[in-house]
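Below: the structure, in structure tokens.
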Amino acid sequence: MKKLVVLSGAGMSAESGIRTFRDMGGLWEEYDVMEVASPQAWNRDPELVQRFYNERRKQLIESKPNKGHEGLAKLEKYFDVEIITQNIDDLHERAGNSKVLHLHGELKKARSTVDDSLIYPLDGWELKMGDKCEKGSQLRPHVVWLGEPVPMILKAAEICEQADIFVVVGTSLNVYPAAGLIDYIPFGTPIYLIDPADISSHKNFTHIKAKAGKGIMELQKELLENSF
Ligand code: APR
């Protein structure tokens, strides 16, 4: 089976009611990223950081995968689909995709503040001050904050090097190292970009100018017609 590698961002989950970051009405219009999603914020006011992610976790639990997520899951019938996502939601997995790599962490997990390898699934939406790891340290959201390293980037680059088809969906390609993954795609690999807005990149790509739901339907049609 041909390997179809997908790089997704916040726009992928917009039709599930989850806000993006940099669009009109995006999260970073309402919140200062340095105040809620940085190690400095955690040191300064951990309750505020916990509250920010608890609210997002509560919303995620009430959200459902959209047609776009479902469309990518259906493509597993025809391709070896690898999803590399910047999203911390679990909507790709809930739609049925079997290979999902989270570059920026996972909202439904907590992590030790003394040992990065200690990661715990969260049942409900609330992570509280006083919730401890097995080594007695405060638990923090298992997400990558501004300025923190992205441990999964090497694995993601390896996957991109094996791509027969590459699809970028719902990301403004503003944030590195994620946006740099496009440079690991082998020369000549067809690249599709699904986004209702114009996105600039130094790579040649086919722009499917649509929202994820409709855009992925168009992609499916194109890929199956071209019998890749
Ligand atoms: N379908 C597809 N794309 C959409 C939709 C939709 N329904 N709605 C918006 N978009 C597009 C926007 O046009 C924009 O290009 O999704 C993109 C969202 O871009 P950002 O808000 O910048 O989100 P993203 O690229 O995922 O951000 C990257 O930045 O804040 C950090 O860690 C955070 O993972 C995040 C990273």
Side-chain angles (χ1 to χ4, degrees), residues 5-42 49 52-53 55-57 59-60 63-73 75 83-92 95 100-109 111 140-153 156 166-182 191-201 203 205-220:
V5 177
V6 179
L7 174 65
S8 72
M12 181 80 232
S13 299
E15 290 150 271
S16 297
I18 297 183
R19 291 159 71 183
T20 65
F21 296 95
R22 292 170 189 80
D23 287 320
M24 206 132 68
L27 275 171
W28 297 152
E29 270 193 359
E30 184 183 348
Y31 298 93
D32 174 348
V33 64
M34 285 303 292
E35 300 249 328
V36 292
S38 70
Q40 296 84 344
W42 179 253
V49 174
F52 174 71
Y53 285 102
E55 279 158 21
R56 295 181 62 197
R57 208 173 289 116
Q59 191 207 10
L60 174 57
S63 305
K64 290 192 173 48
N66 60 55
K67 289 254 168 302
H69 294 109
E70 289 158 6
L72 290 177
L75 282 171
I83 309 265
I84 299 169
T85 188
Q86 297 169 81
N87 299 343
I88 58 176
D89 65 54
D90 60 347
L91 298 176
H92 282 303
V100 182
L101 181 153
H102 287 269
L103 283 173
H104 297 161
E106 298 175 68
L107 190 52
K108 286 187 175 174
K109 294 181 179 173
R111 189 166 82 223
R140 57 164 275 178
H142 176 50
V143 295
V144 174
W145 286 329
L146 195 71
E148 289 191 316
V150 179
M152 299 302 284
I153 197 69
F166 189 59
V167 179
V168 177
V169 51
T171 176
S172 59
L173 294 176
N174 270 309
V175 173
Y176 285 77
L181 286 170
I182 204 164
I191 301 178
Y192 295 88
L193 185 138
I194 301 172
D195 198 304
D198 289 317
I199 302 292
S200 61
S201 170
K203 288 274 184 176
F205 57 83
T206 304
H207 188 181
I208 300 178
K209 204 166 178 173
K211 293 183 173 182
K214 188 163 169 291
I216 287 165
M217 296 310 141
E218 280 179 39
L219 175 77
Q220 243 181 26

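Counting convention: from 1, in listed order, for ligands and their atoms alike.
The protein non-hydrogen atom at the shortest distance from atom 28 (C) of ligand 1 is Gln86 OE1, 3.2 Å. Of the protein's non-hydrogen atoms, the one nearest atom 9 (C) of ligand 1 is Asp23 OD2, 3.3 Å. Trp28 NE1, 2.8 Å is the protein heavy atom nearest to atom 30 (O) of ligand 1. Considering only non-hydrogen protein atoms, atom 10 (N) of ligand 1 sits nearest to Gly11 CA, 3.7 Å. Of all protein heavy atoms, the one lying nearest to atom 31 (C) of ligand 1 is Arg22 NH2, 3.5 Å. The protein non-hydrogen atom at the shortest distance from atom 14 (C) of ligand 1 is Asp195 OD2, 3.6 Å. Protein heavy atom at the shortest distance from atom 18 (C) of ligand 1 is Gly170 O, 3.7 Å. Nearest protein heavy-atom neighbour of atom 24 (P) of ligand 1: Thr171 OG1, 3.9 Å.
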Pair Leu60, Tyr53 - check side chain to side chain contact (heavy atoms under 4.5 Å, CB included), show working.
CA-CA 10 Å; Leu60 174 57; Tyr53 285 102; over 6 Å; no
Decide yes or no on side chain to side chain contact (heavy atoms under 4.5 Å, CB included) for Phe166 and Ile84, but give the supporting numbers first.
CA-CA 11 Å; Phe166 189 59; Ile84 299 169; 5.6 Å; no
Begin with the C-alpha distance, continue with both residues' side-chain angles, and end with the deciding distance and a verdict on side chain to side chain contact (heavy atoms under 4.5 Å, CB included) for Ile88 and Lys108.
CA-CA 8 Å; Ile88 58 176; Lys108 286 187 175 174; over 6 Å; no
Please determine whether side chain to side chain contact (heavy atoms under 4.5 Å, CB included) holds for the pair Val150 and Gln86, giving the CA-CA distance in whole Å, both sets of side-chain angles, and the decisive distance to 0.1 Å.
CA-CA 10 Å; Val150 179; Gln86 297 169 81; over 6 Å; no
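To the nearest 0.5 angstrom, Ile216 atom CD1 is 12.0 Å from Lys67 atom NZ. Leu173 CG to Lys203 NZ: the interatomic distance, rounded to the nearest 0.5 Å, is 12.5 Å.
Contact between Pro196 and ligand 1 is present, with at least one heavy atom of the residue lying under 4.0 Å from the ligand.
A 4.5 Å side-chain heavy-atom check between Ile182 and Leu7 finds every atom pair outside the cut-off. In this structure the side chain of His207 reaches within 4.5 angstrom of the side chain of Asp198, judged on heavy atoms. Looking only at side-chain heavy atoms (C-beta outward), Val144 and Leu103 stay at 4.5 Å or farther from each other.
Residue Glu15 approaches ligand 1 through these ligand atoms, each under 4.0 Å from one of its heavy atoms: 1 (N), 6 (C), 7 (N). Residue Gly9 approaches ligand 1 through these ligand atoms, each under 4.0 Å from one of its heavy atoms: 26 (O). Atoms of ligand 1 found under 4.0 Å from any heavy atom of Ala197 (numbered from 1 in listed order, with element): 13 (O). Short contacts between ligand 1 and Thr20, defined as distances under 4.0 Å to a heavy atom of the residue, involve ligand atoms 21 (O).
Of the N or O atoms in Ala212, one or more lie within a sub-3.5 Å distance of an N or O in ligand 1. Geometrically, ligand 1 and Asn174 share no nitrogen or oxygen pair separated by less than 3.5 Å. Polar contact with ligand 1: absent for Ala210 (N/O pair, distance under 3.5 Å). Between Lys211 and ligand 1, no N or O atom pair is found at a separation short of 3.5 Å.
Under 4.0 Å from ligand 1, the heavy atoms of His104 that appear belong solely to its side chain. Using a 4.0 Å cut-off between heavy atoms, Ile199 contacts ligand 1 through its side chain alone, with no backbone atom that close. Using a 4.0 Å cut-off between heavy atoms, Val175 contacts ligand 1 through its side chain alone, with no backbone atom that close.
Aromatic ring orientation, His69 versus His92: perpendicular (interplanar angle above 60°, classes split at 30° and 60°).
At most 12 heavy atoms of other shown residues, nucleotides or ligands fall within 6.0 angstrom of atom NZ in Lys64.
When each of Leu91, Asp90, Asp89 is tested with Asn87 by the rule side-chain contact (heavy atoms from CB on, under 4.5 Å), just one qualifies, namely Asp89.
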